Amino acid sequence: MQGFNIARATSQAAQHLARLNAFVHDPHVDAHPNFFRATDLGELTTLFRDSLEDAATSAFAARDDDGVPVGYVLTKYVDRKPTPLHHRRTYLEIDQIAVDPAHRRRGLAHALVACARDEARQRGVDRIQLSTWAFNEGAQRFFESEGFAPQLTAYWQQLD
């Protein structure tokens, strides 16, 4: 992709990912402040560092031509053991994807999803799953444009 360099992220990139996370997390805090916490950069950096040291987790970070981090995708390999109700299921979950708003609409999110697809193939799985909150219609439109289809609808009810 012209104007961007995407590479596998290591735990050393944790602080960059934590900063970029605000672009996706803050709207969640705004929409559901009783569910999502405002984040602390230090705590979030530790969370990312620990996650990136887990063999099941992979991340790809995008930098602009000046080397500034502008987006990432964080994936997790999931291996669900069989139960009396379900077959064994292995898949790659896109846990997070974030792009700096100043760099959106340039194909970067598409390129990050392509990295997730490549990661799934490398791990020998043929399924990618993800979830979005109902309020995040822009993300839903994007994922549908990438060929993702709804699989499950979750409901909740806030009691007094």
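Keep in mind the model is a prediction, meaning the values are calculated, not measured.
Note that the CG atom of Leu74 and the OG atom of Ser58 stand 8.5 Å from one another [nearest 0.5 Å]. Between Leu20 atom CG and Asp100 atom CG the span is 7.0 Å, to the nearest 0.5 Å. Atoms CG and CG, on Leu47 and Asp40 in that order, are 11.5 Å from each other to the nearest 0.5 Å. Atom OG1 of residue Thr57 and atom CG of residue Asp95 lie 7.5 Å apart, to the nearest 0.5 angstrom. Considering CZ of Arg63 and CG of Asp65, their distance stands at 12.5 Å, rounded to 0.5 Å. Taken to the nearest 0.5 Å, the CG atom of Asn136 stands 10.5 Å off from the OG atom of Ser131.
Between the side chain of Gln140 and the main chain of Trp133, a donor-acceptor pair closer than 3.5 Å is present. Looking at Asp66, its side chain never comes within 3.5 Å of a backbone N or O of Val68 through a donor-acceptor pair. A donor-acceptor pair under 3.5 Å is formed between the side chain of Thr46 and the backbone N or O of Gly42. Between the side chain of Arg104 and the main chain of Val99, a donor-acceptor pair closer than 3.5 Å is present. The closest donor-acceptor contact from the side chain of Thr39 to the backbone of Leu41 lies at 3.5 Å or more, if one exists at all. Side-chain atoms of Ser145 come within 3.5 Å of backbone N or O of Phe142 as a donor-acceptor pair.
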Take Thr75 and Glu119, measure what side-chain hydrogen bond (donor to acceptor under 3.5 Å, both in side chains) needs, and give me the verdict at the end.
CA-CA 8 Å; Thr75 68; Glu119 180 69 10; 5.2 Å; no

Test side-chain contact (heavy atoms from CB on, under 4.5 Å) on Thr45 and Glu43; report intermediate values, then the result.
CA-CA 5 Å; Thr45 298; Glu43 289 178 337; over 6 Å; no

When you look at His86 and Arg80, which way does the side-chain contact (heavy atoms from CB on, under 4.5 Å) test go after all the steps?
CA-CA 9 Å; His86 299 105; Arg80 298 263 170 112; over 6 Å; no

Any chance you could lay out the salt bridge (charged side-chain N to carboxylate O under 4.0 Å, His left out) test for Arg141 and Glu146, step after step, and finish with the verdict?
CA-CA 9 Å; Arg141 283 189 302 275; Glu146 287 292 312; over 6 Å; no

Run Leu112 and Phe4 through side-chain contact (heavy atoms from CB on, under 4.5 Å) and show every step you take.
CA-CA 11 Å; Leu112 291 167; Phe4 298 101; over 6 Å; no

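In this structure, Lys76 and Ser51 approach most closely via the heavy-atom pair CE-OG, 4.2 Å. The minimum heavy-atom distance linking Leu130 with Ile94 is given by the pair CB-O, 3.7 Å. For Ala13 against Ala9, the heavy-atom pair with the smallest separation is CB-CB, 4.1 Å. In terms of heavy-atom proximity, Ala61 sits nearest to Leu17 at CB-CD2, 4.2 Å. When all heavy atoms of Pro27 and Ala22 are compared, the closest pair comes out as CD-O, 3.9 Å.
At least one side-chain heavy atom of Glu53 sits under 4.5 Å from a side-chain heavy atom of Ser11. In this structure, the side chains of Asp64 and His103 come closer than 4.5 Å at one or more pairs of heavy atoms. Residues Phe35 and Val29 form no side-chain contact, since every pair of their non-hydrogen atoms from C-beta on lies 4.5 Å or further apart.
Within the structure, side-chain hydrogen bond (donor to acceptor under 3.5 Å, both in side chains) contacts touching residues 20-36 (residues at least two apart or in different chains) are Asn21-Tyr72, Asn21-Gln96.
Hydrophobic cluster membership differs between Phe60 and Leu52, with clusters built from Ile, Leu, Val, Met, Phe, Trp and Tyr side chains linked at under 4.5 angstrom. Hydrophobic clustering (ILVMFWY, side-chain heavy atoms < 4.5 Å, transitive): Tyr77 and Phe148 are in one cluster. Under the 4.5 Å side-chain heavy-atom criterion for ILVMFWY residues, no single connected hydrophobic cluster contains both Phe23 and Phe36. Leu108 and Val24 fall into different hydrophobic clusters, where Ile, Leu, Val, Met, Phe, Trp and Tyr are joined by side-chain heavy atoms under 4.5 Å apart, directly or via other members. Criterion: ILVMFWY side-chain heavy atoms under 4.5 Å apart, direct or through other members. Under it, Ile6 and Leu92 are part of a common hydrophobic cluster.
Inspection of the Thr90 and Arg127 side chains reveals no N or O donor paired with an N or O acceptor under 3.5 Å.
Other residues, nucleotides and ligands contribute over 12 non-hydrogen atoms within 6.0 Å of the CZ atom of Arg8.
By the 4.0 Å N-to-carboxylate-O rule, Arg88 lies close enough to Asp79 to be salt-bridged with it.
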